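Comments concern the structure below.
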Amino acid sequence: MQMLKRIVQPLIIEALSSMGVEQMPVEKMLQPSRELDQGDLALPCFPFAKRLGMAPAEIAEQLAKHVAEHPAIGEVSGVNGYLNIRANPVWIVEQLMEFGTQGSHPSPNRSVLIEHTSANPNGPFHVGRARNAILGDTLVRLHRLFGNDVTAEYYVDDMGKQVAVLAWALEHLSAEDVEAQLVGREPVNPSWKGKADHERVRWYQAAQAIRQGDESADEIEKIIGTMVHASENGDEAVLASFQAAYQPVLEGMLSTLGRLGIHFDRFTKESIFVTNGDVGRLMERLGNLEINGEADNGAQYLDLGARGLKGKTEFFYRRGDGSSLYATRDIAYHMWKWTQGGDLINVLGEDHKLQAKQVGMTLEELGEQRPEVVFYSFIKLPEGKMSTRRGNVVFMDDLLEEAKEQAAVVVRELRPHYEEEKISTIAEAVGTSAVRFNIIKVSPEKGFTFRWEDALTFEAGSAPFIMYSHTRACSIRKRVENEVGPIETVLSGNTEPEDNFSDGLITLLRVLAVHQDRVEKAVNDHRPHLFAEHMLHLANAYNAFYRDCHILSDGEVNGFYLWLSELARSIMKDGMEGLGLVAIEEM
RNA sequence: GGGCGUGUAGCACAGCUGGAUAAUGCACCGGCCUCCUAAGCCGGAGAUCGCGGGUUCGAAUCCUGCCACGCCCGCCA
């Protein structure tokens, strides 16, 4: 309704002025109506009461009479102290025909680098870790929908202790050794035999077990320590052995994400910033800062307390032995990212809040900007926190398989005449979409408890609900093409609206009119769940339109209805792509 | 102990840059398939917005105190 507001605002300022009220922040006060029954925009008149010495209700009524007429305005009324403005549906139609949902002010094209997921390549995704990927990828998609130029980036942790442990285990332990270590634990699900993220993680887990108990632990610890140290000094051979260890695992993880429609444009390895000298140079610069401090053993830190950080104020960036820490490399990484020419957005778990703050403050201390960060809370299970070690975990691979299976059961029941291949295609689309939607529809900062029954819901409020509305539009399109002729031909005929607009029609027009506002809000505030909710509204509105407006009856097409249905269809399709839902045409 | 976040119907969740009758879904009750896919549509019932104080014409929203839960407070990543 930004387009309506741009028109109405000056008219209201004028009307107010004619009543003797000047210089009020109308821009801020004029807002989308909370009571949708009352109109599209509302202006509370309470603040004018004192100045005019009139009751707000009366002011609103008077004001309504003073607002000049305009083709965009359907109705102006004063109710309960609010000035309500209703858009003229015919005007909305004209706007949509001319500009689509974008309105006459197209969005600016911004360049953005979004880093998300960046999970250590040491095991399969579980539902908890996947929240980052789904949130990040949805952000990527929504920015693209908005018209921004996005790079989706995965920062690969290729040099920490975790990778070293994995590399050590793969080199020193046989399959028998591994299984001997893991006797009490659940075996690999046979479905994932051969998938490296599921298989190699056993080596990692076995090594962890040995490191904790075995009498040889100290010796192993020493070897691993040497490897870590070598990697941090940029030892090419060690880094190569690390990569050989983790790469297949990473690929397994990425194939899981791929099934969810999540892809990356670029992978950047942490080790690069060590081997190219950036980290060394960075530490030198940090050492020259006035807030630099040094510990007894030569370790160095910044005193961020001097810059207002509360709690633990010392931020260590260099160990006593001179090597860098994870956060140090992260700073170097961010400095490089800023050279790529775009805004930076990171998606991080809430456990990284402090670290992100330290990195951000340090970047500012160096004269750089801090990135925008979207934090999310962890997903837990009804039984408590997810933990691979305790076996309290839901793997994304298992969830997707189960989701597909459940979806297939529903399709088989609802469409008994479909062939198995078609059922499988639909079930895959429905299953993966439902999983994504279930996670993206809640605000990121909200703690989230994963429940199978919620993830596998295919009713209203879920992805399939949106998908279903879309298939209705597709189905109509197909029927028109079969029974009447090519869509373009039909639409090039008469698409003039009739006089009477039914409720369902108006409902759909109003939702389409705010579509671009919703995209913009979700993108600018980094809150994809707002867009998810809007898509539910849109699907619901299409269903209302579908109920009230028959496009095809007795072989006759209503051109206007068809035009609107086609517009809604393409908006739904784009919106679904923005959320990573698969826009199938039949279900 | 300190920092950050969360607390809204039986369950889940939106609204939080202050504004009308707190939105939505599940579950519950009732209605709609000789009519473009009923994974749908229509109606009903259900809420001391964690608790107390404050600011305001007006507070779920802002301030403050308390309570509960989560995350963090490594020379780990």
Side-chain angles (χ1 to χ4, degrees), chain A residues 28-29 31 33-38 42-47 49-50 56 79-82 84 120 122 157 159-163 228 270 295 297-301 309-314 316-321 323-327 329-330 349-355 357 375 377-378 380 385 407 410-411 413-415 430 434 441-443 445-449 451 453-454 457-469 471-480 483 504 529-530 532-533 536-537 539-540 543-544 546-554 557 561-562 565 586-587:
Chain A
K28 229 183 148 184
M29 293 166 66
Q31 56 202 264
S33 196
R34 306 227 165 179
E35 299 297 315
L36 274 182
D37 297 343
Q38 297 291 351
L43 181 81
C45 295
F46 308 96
K50 208 170 272 178
V79 181
N80 295 337
Y82 291 84
N84 292 317
N120 288 340
N122 61 2
D157 180 4
M159 58 183 305
K161 198 170 251 180
Q162 306 205 40
V163 197
V228 172
E270 190 180 338
N297 66 349
Q300 288 182 291
Y301 61 87
L309 184 66
K310 289 178 201 149
K312 187 184 179 312
T313 58
E314 292 170 350
F316 279 89
Y317 63 87
R318 184 178 193 147
R319 292 197 187 91
D321 66 4
S323 61
S324 64
L325 287 110
Y326 175 81
R329 287 168 237 138
D330 203 25
E350 59 178 341
D351 56 335
H352 280 68
K353 275 188 180 175
L354 176 60
Q355 171 126 30
K357 193 162 199 173
F375 293 105
S377 294
F378 292 115
K380 50 185 192 300
K385 203 173 159 178
V410 174
V411 183
E413 193 184 310
L414 262 28
R415 315 274 181 260
V430 168
K441 75 175 179 193
V442 319
S443 49
E445 65 273 14
K446 190 86 100 185
F448 186 103
T449 302
R451 291 186 182 82
E453 60 269 32
D454 293 342
T457 291
F458 301 140
E459 294 166 304
S462 71
F465 173 79
I466 299 168
M467 296 166 77
Y468 185 72
S469 296
T471 60
R472 279 179 152 174
C474 290
S475 166
I476 289 169
R477 179 189 173 85
K478 252 176 252 165
R479 286 189 72 130
V480 170
E483 295 174 26
H529 71 281
L530 296 179
E533 189 170 282
L536 289 173
H537 285 308
N540 191 245
N543 288 338
Y546 180 89
R547 175 195 68 219
D548 287 348
C549 304
H550 280 237
I551 293 158
L552 194 61
S553 50
D554 305 325
V557 176
Y561 291 167
L562 178 65
S565 179
E586 256 184 310
M587 62 187 276

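Quick note: numbers below take in every heavy atom, side chains included, and nothing from hydrogens, waters or symmetry partners. Per chain, numbering begins at 1; letters A, B, ... match sequence-line order. Nothing here was measured: the structure is a model prediction, and the numbers come from that model.
In this structure, A/Glu483 CD and A/Leu552 CG are separated by 5.0 Å, a value rounded to the nearest 0.5 Å. A distance of 6.5 Å separates CG of A/Leu536 from CZ of A/Phe465, quoted to the nearest 0.5 Å. Taking CG of A/Leu354 as the reference point, atom NZ of A/Lys357 lies at 8.5 Å (rounded to 0.5 Å). Remark: A/Met467 CE to A/Thr471 OG1 distance equals 8.5 Å, nearest 0.5 Å. How far CG of A/Asp548 is from OH of A/Tyr561: 8.5 Å, rounded to the nearest 0.5 Å.
The base of B/A77 sits within donor-acceptor range of the side chain of A/Gln355, with an N or O pair under 3.5 Å.
When rounded to the nearest whole Å, the span between CG of A/Leu536 and P of B/G15 equals 13 Å. B/C42 atom C1' lies 11 Å from atom CG of A/Asp548, rounded to whole Å. Distance CD (A/Glu35) to P (B/G58): 20 Å, rounded to an integer number of Å. We find that CD of A/Gln31 is positioned 9 Å from C1' of B/G18, with the value rounded to whole Å. Between A/Phe378 atom CZ and B/C71 atom C1' the separation is 7 Å, expressed in whole Å. For the pair A/Asn540 CG and B/G40 C1', the interatomic distance rounds to 10 Å; values are reported in whole Å. Whole-Å rounding puts the A/Asp454 CG to B/A27 P distance at 11 Å. Rounding to whole angstrom units, CG of residue A/Asn120 and P of B/C76 are separated by 16 Å.
Separating the C1' atom of B/U8 from that of B/G46 is a span of 14 Å, rounded to the nearest Å. Comparing the same atom, P, in B/A20 and in B/A60 gives a spacing of 9 Å after rounding to whole Å. Across the P atoms, B/A23 and B/A9 are found 13 Å apart, a figure rounded to whole Å. Here, B/U55 and B/C42 have their P atoms 45 Å apart, quoted to the whole Å. Straight-line distance between the P atoms of B/C62 and B/U6: roughly 10 Å, to the nearest whole Å. With P as the reference atom, B/G15 and B/G31 are 36 Å apart, rounded to whole Å. Comparing the same atom, P, in B/G43 and in B/G65 gives a spacing of 46 Å after rounding to whole Å. Distance check on atom P: B/A59 versus B/A14 gives 24 Å, rounded to whole Å.
The ring of A/His550 lies on top of the base of B/C36, close enough and flat enough: under 5.5 Å between centres, under 30° between planes. A distance cut-off of 5.5 Å between ring centres, combined with a plane angle under 30°, places A/Phe316 in a stacking arrangement with the base of B/C75.
At the phosphate of B/C4, neither OP1 nor OP2 sits under 4.0 Å from any side-chain N or O atom of A/Lys312. Checking the phosphate oxygens (OP1, OP2) of B/C11, no side-chain nitrogen or oxygen of A/Arg451 falls inside 4.0 Å. Side-chain nitrogen and oxygen atoms of A/Arg547 include none within less than 4.0 Å of the OP1 or OP2 phosphate oxygen of B/G40. Listed pair A/His529 / B/G15 meets the phosphate criterion, a side-chain N or O lying under 4.0 Å from OP1 or OP2. For B/C76, one of the phosphate oxygens OP1 or OP2 lies less than 4.0 angstrom from a side-chain nitrogen or oxygen of A/Arg319. Dashed line: the shortest gap from a side-chain N or O of A/Asn543 to OP1 or OP2 of B/G40 is not under 4.0 Å. For the OP1/OP2 pair of B/C75 and a distance below 4.0 Å, the side-chain nitrogens and oxygens of A/Ser323 include no atom meeting the criterion. Residue A/Arg34 places none of its side-chain N or O atoms closer than 4.0 Å to OP1 or OP2 of B/U21. For B/G7, one of the phosphate oxygens OP1 or OP2 lies less than 4.0 angstrom from a side-chain nitrogen or oxygen of A/Lys446.
Using a 4.0 Å heavy-atom cutoff across all strands shown, A/Leu309 reaches no nucleic acid atom at all. Nucleic acid contact for A/Ala327: none, since no nucleic acid atom lies under 4.0 Å from a heavy atom of the residue. Within the nucleic acid shown, A/Cys45 has no heavy atom closer than 4.0 Å to any nucleic acid atom. Residue A/Asp351 is classed as a sugar-phosphate contact, given heavy-atom separations below 4.0 Å to backbone atoms only. Nucleic acid contact class of A/Gly447 (heavy atoms, under 4.0 Å, all strands): sugar-phosphate only. When heavy atoms are screened at a 4.0 angstrom cut-off, A/Lys28 is found touching the sugar-phosphate backbone but no base atom. Contacts of A/Met587 with the nucleic acid, taken as non-hydrogen atoms under 4.0 Å apart, include base atoms. The residue A/Arg415 sits close to a base: some heavy atom pair falls under 4.0 Å. Residue contacts shown for A/Glu586 include a base, since a base heavy atom lies under 4.0 Å away. Contacts of A/Ala460 with the nucleic acid, taken as non-hydrogen atoms under 4.0 Å apart, involve only primed sugar atoms and P, OP1 or OP2. Residue-level contact check: A/Gln38 touches the bases, meaning some heavy atom is under 4.0 Å from a base atom. Nucleic acid contact class of A/Lys385 (heavy atoms, under 4.0 Å, all strands): sugar-phosphate only. Residue-level contact check: A/Leu354 touches the backbone only, with heavy atoms under 4.0 Å from sugar-phosphate atoms and none from bases. Contact annotation for A/Leu325: backbone-only contact, meaning every heavy-atom pair under 4.0 Å involves sugar-phosphate atoms and none involves a base.
A donor-acceptor pair is defined here as one N or O able to donate and one able to accept, closer than 3.5 Å; such a pair exists between the side chain of A/Gln31 and the backbone of A/Met29.
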Item to complete: Could you please spell out the steps behind the side-chain contact (heavy atoms from CB on, under 4.5 Å) verdict for A/Glu533 and A/Lys441?
Response: CA-CA 7 Å; A/Glu533 189 170 282; A/Lys441 75 175 179 193; over 6 Å; no

Worksheet entry | For RNA chain B, the dot-bracket pattern of Watson-Crick and G-U pairs whose distances stay under 3.5 Å, | for other-strand partners | (((((((..(((......[....))).(((((.......))))).....(((((..]....))))))))))))....

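No side-chain heavy atom of A/Glu586 sits under 4.5 Å from any side-chain heavy atom of A/Arg415. Contact of the A/Ile476 side chain with the A/Tyr546 side chain is registered, since non-hydrogen atoms from C-beta on lie closer than 4.5 Å. With contacts defined as side-chain heavy-atom distances shorter than 4.5 Å, the pair A/Met159/A/Arg329 qualifies.
When only modelled atom types and interatomic distance are considered, A/Asn543 and A/Arg472 share a side-chain donor-acceptor pair under 3.5 Å.
With its glycosidic angle more than 90° from 0, B/C41 is assigned anti.
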